[in-house]
Amino acid sequence: MKFKPLKNRILATQIKEKKVNKTASGLFLGNDEEVEVITNDLNIVRVGKDVEEVKNKDKVMFDGKGTLLTLFDQTYVLTTEANVIGIYE
């Protein structure tokens, strides 16, 4: 990839989970197809030079503030380090 975020910006992919529509007791709601749910978790792809705490390949939770970008036929989230809530260890 030939894209590098500037300053304190972070380029990441958003993590999606597949869930089946059913209750905690196991009853299915509607059809039993899996639904793709977008989470507030990101996989970090590239970071700008002023980013201090987040590194490439980290998995983080963010507050949802950011810009969706399509680069090289893939969708990314461009956000700042200030919008990162925490890093999964």
Side-chain angles (χ1 to χ4, degrees):
M1 179 188 350
K2 301 285 183 182
F3 182 86
K4 181 165 174 77
L6 299 177
K7 301 190 180 192
N8 67 338
R9 291 181 180 84
I10 296 169
L11 184 71
T13 56
Q14 200 157 20
I15 298 173
K16 299 174 185 174
E17 294 180 355
K18 293 192 178 202
K19 295 192 177 188
V20 177
N21 289 333
K22 68 178 179 177
T23 64
S25 62
L27 296 174
F28 287 97
L29 302 173
N31 57 15
D32 59 350
E33 293 181 20
E34 290 184 345
V35 177
E36 198 169 80
V37 178
I38 298 174
T39 66
N40 279 356
D41 299 334
L42 300 174
N43 285 323
I44 305 300
V45 177
R46 299 281 307 257
V47 297
K49 66 177 181 143
D50 295 339
V51 175
E52 297 175 359
E53 295 185 43
V54 179
K55 302 182 302 288
N56 292 345
K57 299 182 182 177
D58 278 350
K59 181 179 176 184
V60 301
M61 179 184 287
F62 82 122
D63 62 7
K65 296 177 185 172
T67 303
L68 288 177
L69 297 175
T70 301
L71 299 169
F72 315 109
D73 296 327
Q74 187 170 357
T75 302
Y76 296 94
V77 175
L78 185 65
T79 189
T80 62
E81 188 175 27
N83 295 332
V84 174
I85 297 170
I87 302 171
Y88 290 104
E89 295 182 346

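Numbering of residues begins at 1 and proceeds along the displayed sequence.
Hydrophobic clustering, with ILVMFWY side chains joined whenever heavy atoms are under 4.5 angstrom apart, groups Leu78 together with Phe72. Following chains of ILVMFWY side-chain contacts shorter than 4.5 Å, one cannot reach Leu71 starting from Val77, and the two form parts of different hydrophobic clusters. The same ILVMFWY cluster, assembled from side-chain heavy atoms under 4.5 Å apart, contains both Leu68 and Ile44.
Residue pairs meeting the side chain to side chain donor-acceptor pair (under 3.5 Å) criterion with at least one partner in residues 79-89, sequence neighbours excluded, are Asp41-Tyr88, Thr79-Asn83, Thr80-Asn83.
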Review item, side-chain donor-acceptor pairs of residues 3-12, under 3.5 Å, at least two apart:
{"from": "Lys4", "atom 1": "NZ", "to": "Val47", "atom 2": "O", "distance (Å)": "3.4"}

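Interatomic distance, OG1 of Thr39 versus NZ of Lys16, reported as 10.0 Å (0.5 Å rounding). Here Thr13 contributes atom OG1 and Asn43 contributes atom CG; the two are 4.5 Å apart, rounded to the nearest 0.5 Å. Separation of atoms CG (Asp63) and CE (Met61) is listed at 11.0 Å; rounding is to 0.5 Å.
In this structure, Ile15 and Lys59 approach most closely via the heavy-atom pair CD1-CE, 3.4 Å. Looking at every heavy atom in both residues, Gln14 comes nearest to Leu42 through CA-CD2, 3.8 Å.
With sequence neighbours left out, the salt bridge (charged side-chain N to carboxylate O under 4.0 Å, His left out) criterion links Glu53 to no other residue.
Side-chain N or O atoms of Asp58 include none that pairs as donor or acceptor with a backbone N or O of Val60 at under 3.5 Å.
Atom CD of Gln74 sits in a crowded spot, with more than 12 heavy atoms from other residues, nucleotides or ligands closer than 6.0 Å.
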